[in-house]
Number of protein chains: 2
Amino acid sequence: MVVREDRKEQILDKAVAVFAEKGYYKATTALVAKAAGVTQPYVFHFFKNKEELFNAVIDRAVGRLYDTFMQVEAPADQLAESMGKAFKQILQTNRDVMIMVMQAHAISEPAIRMHVREKFRLMNEVFIAKFEAAGMPNPRAAAGHFLSIGLLITLSDVLELPELLQCEKGCI
Amino acid sequence: MVVREDRKEQILDKAVAVFAEKGYYKATTALVAKAAGVTQPYVFHFFKNKEELFNAVIDRAVGRLYDTFMQVEAPADQLAESMGKAFKQILQTNRDVMIMVMQAHAISEPAIRMHVREKFRLMNEVFIAKFEAAGMPNPRAAAGHFLSIGLLITLSDVLELPELLQCEKGCI
DNA sequence: TATTATTTATTTATTGATAAATAAATGATG
DNA sequence: CATCATTTATTTATCAATAAATAAATAATA
């Protein structure tokens, strides 16, 4: 027997990996439950439905990404590169989080779509602010480019095509 | 009554829109059938299963993208920009094709994943060759960057967040 | 402190819906 | 009438979600 909040955290914790590996539709609530060590119906004791579960997991995941990027400190001319490295670092330390967030826009469920949209809108705003504060010349362009790198890294990782990131001299 | 091949083409033709709008899992074979003006079970007369249908649709879609990019002619120093514009053009003229291809890697079905992987591997190769032939300095980097722009444009479009592409001076 | 009441955690069993896929029947046409 | 096109009817499987039941923990009270 575990107190409610702990159990909920535990489910959220384990769900990321399931959603990242299987994708929203193939990630059954039974699989999430199993990963968390509880029974399938019990998941619905904490989350109204599967969509709400997913959105809660997304909240945490985006929070993680957010924290990591906010920690990056570098002079304007190196910030973009440092942030890019942070992306690759996250892929190594928190792969599930990255994969899940960077593929979330492919889910057509309206409630999820709306939620994901808001997350990306916010992330973009935050990135622009950070790049701007660092005194970068084109913060909006940099933010967009930064996101696009995240998408490419994820694509490369998911499809197991490292050559997509491979370029001439050290690259990214 | 229509001859077999025509009907098959018709199904493939209509399926793109359904897959693009709904995503693989929410795009039921019934919806595809309805869009093509046939009954649901009849779809299986042309495709062994849903996965095969999807892969066939992807083949066509990638072919379209391929054709469009191959048509782009520009001197080395303007090629990247011209290709970027081609992306945006495709989004306007063949939105479904673009959306579908650029989100296909989020499908976890092994047979589809493998197929999509091969398509991207090939596209990347082709892009590199094109950039190289044009005499661009870093063809691999350019190809990767090019793909990443495609991903970002798609994200921006799907989430209805035009600001992700908005940057300081005209942009992309 | 022993006993009872009440809450909180969790499971088992079940339902209803959806969707892919198969098989059998019907219709058209050369 | 034989062949190809197409539909109707049906099966099977999967899964989210609900409901009912059990077990464990905590609180109340005598």
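Not measured: the values here are computed from a predicted model. Order of the sequence lines sets the chain letters (A, B, ...), proteins ahead of strands, with each chain counted from 1.
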Could you please name the option among C:dA28, C:dA20, C:dA21 that lies closest to any side-chain atom of B:Met1? C:dA28
Do B:Lys26 side-chain atoms and B:Glu21 backbone N/O form a donor-acceptor pair below 3.5 Å? no
Distance check: side-chain N/O of A:Thr39 vs OP1/OP2 of C:dT10, anything under 4.0 Å? no
Side-chain N or O of B:Arg7 less than 4.0 angstrom from OP1 or OP2 on D:dT6? yes
Distance in Å, B:Ile128 CD1 paired with B:Asn138 CG, rounded so as to fall on 0.5 Å steps: 11.5 Å
Among residues 45-61 of chain B, which residues get a heavy atom nearer than 4.0 Å to DNA chain C? B:Asn49, B:Lys50
Find the distance B:Tyr24:OH to C:dA20:P and express it as a whole number of Å. 8 Å
Whole angstrom is fine here: how far is it from NZ in A:Lys34 over to C1' in C:dT11? 17 Å
Working to the nearest 0.5 Å, report the span between CD1 of A:Ile11 and NZ of A:Lys8. 9.0 Å
As an exercise, state the distance from CD of A:Glu51 to CD of A:Glu109, rounded to the nearest 0.5 Å. 5.0 Å
Winner on side-chain proximity to B:Thr28, out of C:dT12, D:dT6, C:dA20, is C:dA20
Is the A:Tyr25 ring parallel, tilted or perpendicular to the B:Tyr25 ring (thresholds 30°, 60°)? tilted
Can you tell me the distance, in whole Å, between the CG atom of B:Asp6 and the P atom of D:dA5? 10 Å
Rounded distance (Å) that lies between atom P of D:dT6 and atom CD of B:Glu5: 12 Å
Can you identify which nucleotide, out of C:dT11, D:dA5, C:dT22, has its nearest atom closest to the B:Phe44 side chain? C:dT22
Side-chain atoms of A:Pro41 come closest, of D:dA5, C:dT10, D:dA17, to D:dA17
Enter the distance from A:Met102:CE to A:Leu155:CG here, rounded to the nearest 0.5 Å. 12.5 Å
Can you say whether a donor on the side chain of A:Gln40 sits under 3.5 Å from an acceptor on the base of D:dA17, or the other way round? yes
Check this one for me: any side-chain N or O of A:Tyr42 less than 4.0 Å away from OP1 or OP2 of C:dT11? no
Please tabulate, for side-chain N and O atoms in residues 28-43 of chain A, each donor-acceptor pair with protein atoms closer than 3.5 Å (sequence neighbours left out).
{"unit_1": "A:Thr28", "atom_1": "OG1", "unit_2": "A:Leu31", "atom_2": "N", "d": "3.1"}
{"unit_1": "A:Thr29", "atom_1": "OG1", "unit_2": "A:Gln40", "atom_2": "NE2", "d": "3.2"}

